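Notes follow the structure.
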Number of protein chains: 4
Amino acid sequence: MSLAALREQVYRANLGLVEAGLVTLAFGNASGVDRDSGTFVIKPSGVAYDRLSPDDLVVVSIADGSVVEGALRPSSDTPTHAVHYRRFESIGGVVHTHSAFASAWAQAHRSIPVLGTTHADHFGGSVPVTRAMSRAEIDGDYELETGYLIAETVELGGLEPLDVPAVLVASHGPFTWGRDAGDAVTNAVALEAVAAMAHRTLALTPDSGPIDSGLFRRHFDRKHGPAAYYGQAGEPEVR
Amino acid sequence: MSLAALREQVYRANLGLVEAGLVTLAFGNASGVDRDSGTFVIKPSGVAYDRLSPDDLVVVSIADGSVVEGALRPSSDTPTHAVHYRRFESIGGVVHTHSAFASAWAQAHRSIPVLGTTHADHFGGSVPVTRAMSRAEIDGDYELETGYLIAETVELGGLEPLDVPAVLVASHGPFTWGRDAGDAVTNAVALEAVAAMAHRTLALTPDSGPIDSGLFRRHFDRKHGPAAYYGQAGEPEVR
Amino acid sequence: MSLAALREQVYRANLGLVEAGLVTLAFGNASGVDRDSGTFVIKPSGVAYDRLSPDDLVVVSIADGSVVEGALRPSSDTPTHAVHYRRFESIGGVVHTHSAFASAWAQAHRSIPVLGTTHADHFGGSVPVTRAMSRAEIDGDYELETGYLIAETVELGGLEPLDVPAVLVASHGPFTWGRDAGDAVTNAVALEAVAAMAHRTLALTPDSGPIDSGLFRRHFDRKHGPAAYYGQAGEPEVR
Amino acid sequence: MSLAALREQVYRANLGLVEAGLVTLAFGNASGVDRDSGTFVIKPSGVAYDRLSPDDLVVVSIADGSVVEGALRPSSDTPTHAVHYRRFESIGGVVHTHSAFASAWAQAHRSIPVLGTTHADHFGGSVPVTRAMSRAEIDGDYELETGYLIAETVELGGLEPLDVPAVLVASHGPFTWGRDAGDAVTNAVALEAVAAMAHRTLALTPDSGPIDSGLFRRHFDRKHGPAAYYGQAGEPEVR
């Protein structure tokens with residue numbers, strides 16, 4: 001993919017966050033990677049979505065998050081995105097939002113359990129919440145440490161990163177990822193829907209537990225397993 | 001009705017789900033039947049709503065859900081729809097969604113009691129939740145078994161399927177049906193409104209019980225009974 | 001006001017309910033009165049809002065709700081509206097909705113207490129819920145009895161009907177009224193906002209009590225009292 | 001800035017409240033100050049937003065809230081705004097809304113604790129709720145006393161007014177402020193998002209406490225501190 005095409009894709013992904021209602025003010029950002037050149041494209045910091053153009057996006061190095069091309073300062077969350085690309089080799093896009101319900105779960109320091117098939121259709125297990133950050137992490141290279149914490153949380157789960165493409169950073173909000181920037185947006189949308197549904201389920205039945213593991217596996221596999229039969233053959237799976 | 005007209009009707013029904021806010025991503029599908037030819041028309045699997053055209057819809061057999069006409073793979077829920085048409089002879093359309101509040105009730109394994117006249121105007125009794133599926137059902141022909149479970153749940157209730165045109169599949173979400181695909185959409189919209197209202201009622205008065213049976217009957221019958229006086233004479237009833 | 005102008009006003013009031021998000025499907029209706037001719041104009045029964053035109057509205061008699069002019073059957077709630085016009089001489093418009101939060105309070109059989117100044121700005125006291133209807137009332141002339149029940153509830157409160165222009169019919173939903181049809185819509189919008197705010201207040205502080213009576217009086221009077229100083233002099237008050 | 005430019009800015013700020021979904025009916029108003037002339041521009045009282053034009057705005061004196069220019073009566077909350085400008089010398093704009101979730105916190109007489117980084121990104125501490133007003137304050141010059149109460153609450157907190165640019169007036173709703181009218185709107189939007197998120201967090205974990213003070217400081221300072229690194233250099237900070 002050309003850099004121009006990647007810029008366009010990441011630009012559309014950022015606008016997609018707004019269209020999906022996941023963004024208030026300028027919270028949130030999306031990025032997409034070009035593994036060949038070792039760079040990724042990300043939203044500039046603090047620029048309003050309605051004034052954003054593809055040319056405003058910033059090209060930065062995966063290795064250290066430094067600016068490779070672009071006049072604007074990249075998102076302050078750039079080091080966090082960079083860690084995603086370094087540690088999760090299978091991914092092509094990263095999204096961070098402060099979406100309403102997913103952030104409420106993050107603020108409550110609670111993982112989202114698999115309470116139904118909507119969850120199982122998109123996420124191969126609970127969406128985990130991180131541990132609280134230590135004072136040393138907060139006072140150190142904070143955004144970098146946030147990335148390490150997400151990677152640690154995914155690795156603790158023992159799953160391939162694309163199997164559960166989301167983490168809730170405690171006291172903060174969700175990061176999601178995907179095969180590309182658009183897929184990461186799709187996962188952010190699915191996460192918010194699942195977070196709202198789980199919130200409302202617990203209001204009705206506070207002690208709801210995870211669904212049957214066979215039902216969970218059935219739904220996840222019919223979309224994501226080796227014998228997936230959801231979507232159109234030959235097309236990328238629709239998460 | 002010609003096949004072209006049925007395609008158009010089912011196409012509009014699928015878009016109607018989106019316009020009513022019942023759809024996130026590509027969750028959800030609507031179908032409509034042609035009893036004469038023994039077929040029904042259904043949304044293809046995993047195709048985004050904004051790229052859908054009437055010609056993308058797939059014509060499948062009521063008898064076994066096999067494709068009769070169409071280049072795309074039908075919705076993975078096709079066998080479930082087929083069971084509806086085989087077991088509920090009075091219906092002409094089926095809708096499945098993961099709408100926010102109805103799915104929360106399904107995830108909470110709770111039937112929606114008749115807490116007010118909005119419910120009684122549309123549904124002739126509680127909207128039942130199914131029992132949990134057995135491991136054998138899940139591991140077997142899952143979508144077919146889902147259909148059987150819905151039929152079992154309706155039959156347990158002892159009502160004509162159009163009297164309570166909705167079931168919540170436990171841990172999953174709602175299926176609704178109607179005289180045609182558009183009517184099934186109307187019932188999906190009504191169900192979501194009723195589910196949200198009941199959710200908020202219980203937050204105020206957790207031990208709310210069903211409304212007086214006479215009030216219930218009055219509201220249901222003024223729309224759906226033999227002496228119905230709601231809507232315009234000679235027009236199909238508006239649920 | 002000419003009949004054509006009244007039709008237009010009531011038509012706009014009905015559309016205003018949709019624009020304000022108070023209507024799902026065809027629930028809800030608005031009417032407006034012409035005291036000189038002893039008639040009022042009301043929405044036809046079960047007609048979708050997007051197919052409604054001013055000419056579809058039905059002119060009925062205040063005295064008995066019979067049709068004076070119009071080809072369509074009037075709303076099934078017509079007898080209830082008629083009682084409003086007969087018993088509340090100061091009013092010019094009536095609205096009935098099944099709006100989400102106000103109906104939840106009605107279903108919970110709870111009056112909405114004055115928990116803040118938004119309430120006091122619009123309603124001169126708690127918004128009362130009716131008692132449950134008796135079986136005789138339900139089995140009798142139901143819509144007429146609903147009107148009598150609303151009138152009874154207002155009269156029990158001892159207030160002029162325009163002071164608290166709303167009642168919650170238990171197990172059903174809200175009726176509001178006003179100086180004309182548009183004002184009744186305004187009160188339906190205010191009621192829904194107040195109902196949602198009170199619902200969320202109780203979730204935070206379940207034992208919240210009514211606000212200080214002096215604060216209540218101050219807010220109500222600055223909009224509605226003899227020395228009102230809200231809005232523009234010489235204009236009708238904005239509720 | 002010319003008076004015409006200020007009118008335009010305040011006009012856009014008022015419309016911005018509507019676009020952000022913070023306004024129901026005619027609740028809410030925004031103002032902006034011109035320190036040189038000792039005046040500020042504010043919305044007229046009770047005028048519907050869709051009929052508002054920049055010329056309808058009223059120019060009033062900071063010193064006593066009296067009208068300097070304009071044919072319409074200014075917002076009834078004008079004396080409250082005036083106190084803001086007199087007591088908070090660093091601010092340039094004030095907004096008052098009855099937004100849904102922030103008002104629920106105000107009605108519940110609860111300050112909004114810092115439960116996550118979204119809060120810390122915008123507000124340098126809890127958003128305080130005022131004490132209840134005394135009967136003497138209510139019966140006296142009510143809107144002026146509301147302003148004094150807000151100032152008292154901010155001063156009790158010991159912070160510079162722009163550090164926590166919001167107060168919840170108990171039993172009433174939020175006032176926010178900022179460097180100019182647009183910034184005050186931004187803070188009203190952020191407050192509503194934070195209020196909703198905190199409401200939903202407490203529903204999941206009722207005893208949630210404030211986030212780690214180091215994390216709080218890190219987020220607030222990266223946007224607002226002397227070494228802020230969020231947004232574009234040389235641009236006004238984006239709250």
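Within every chain, numbering begins at 1; the chains are lettered A, B, ... in the order of the sequence lines, protein sequences first and strands thereafter. Just so we're clear, the structure is a prediction, and the values are computed from it rather than from any experiment.
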Open item on the list: Any side-chain to backbone donor/acceptor pair from A:R110 onto D:L204? Under 3.5 Å, distance only.
Closed with: yes
- [ ] Quick one: pull up NE2 in D:H219 and CD1 in A:I138 and give me the separation to the nearest 0.5 Å.
- [x] 8.5 Å
Task: Donor-acceptor under 3.5 Å (D:R200 side chain, A:A104 main chain) - done: no
Open item on the list: Distance check, rounded to the nearest 0.5 Å: D:T201 atom OG1 versus A:H199 atom NE2?
Closed with: 7.0 Å
Task: A:S134 side, atom OG; D:D212 side, atom CG - distance, nearest 0.5 Å - done: 9.0 Å
- [ ] Over all heavy atoms of both residues, which pair between A:A100 and D:M197 is shortest? Give the atoms and the distance, please.
- [x] O-CG, 3.9 Å
- [ ] Check the surroundings of atom CZ in D:R87: do more than 12 heavy atoms from other residues, nucleotides or ligands lie under 6.0 Å from it?
- [x] yes
Task: Pairwise side-chain contact, D:R218 with A:E143, heavy-atom cut-off 4.5 Å (strictly under) - done: yes
TODO: Would you indicate whether D:R217, at its atom CZ, is surrounded by more than 12 heavy atoms from other residues, nucleotides or ligands within a distance under 6.0 Å?
DONE: yes
TODO: Between chain A and each of D:V114, D:I211, D:L202, D:L215, count heavy-atom pairs under 4.5 Å; write down the option with the most.
DONE: D:L215
Task: Region of D:A196 in contact with chain A, defined by heavy-atom distances below 4.5 Å - done: neither
Open item on the list: Out of the candidates D:T186, D:N187, D:D121, only one should pair with A:L25 under the side chain to side chain contact (heavy atoms under 4.5 Å, CB included) rule; please name it.
Closed with: D:T186
Task: Heavy-atom pair with the smallest gap, counting every atom of A:A108 and D:S208 - done: CA-OG, 4.4 Å
Open item on the list: I need the D:H119 NE2 to A:S171 OG distance, nearest 0.5 Å.
Closed with: 13.0 Å
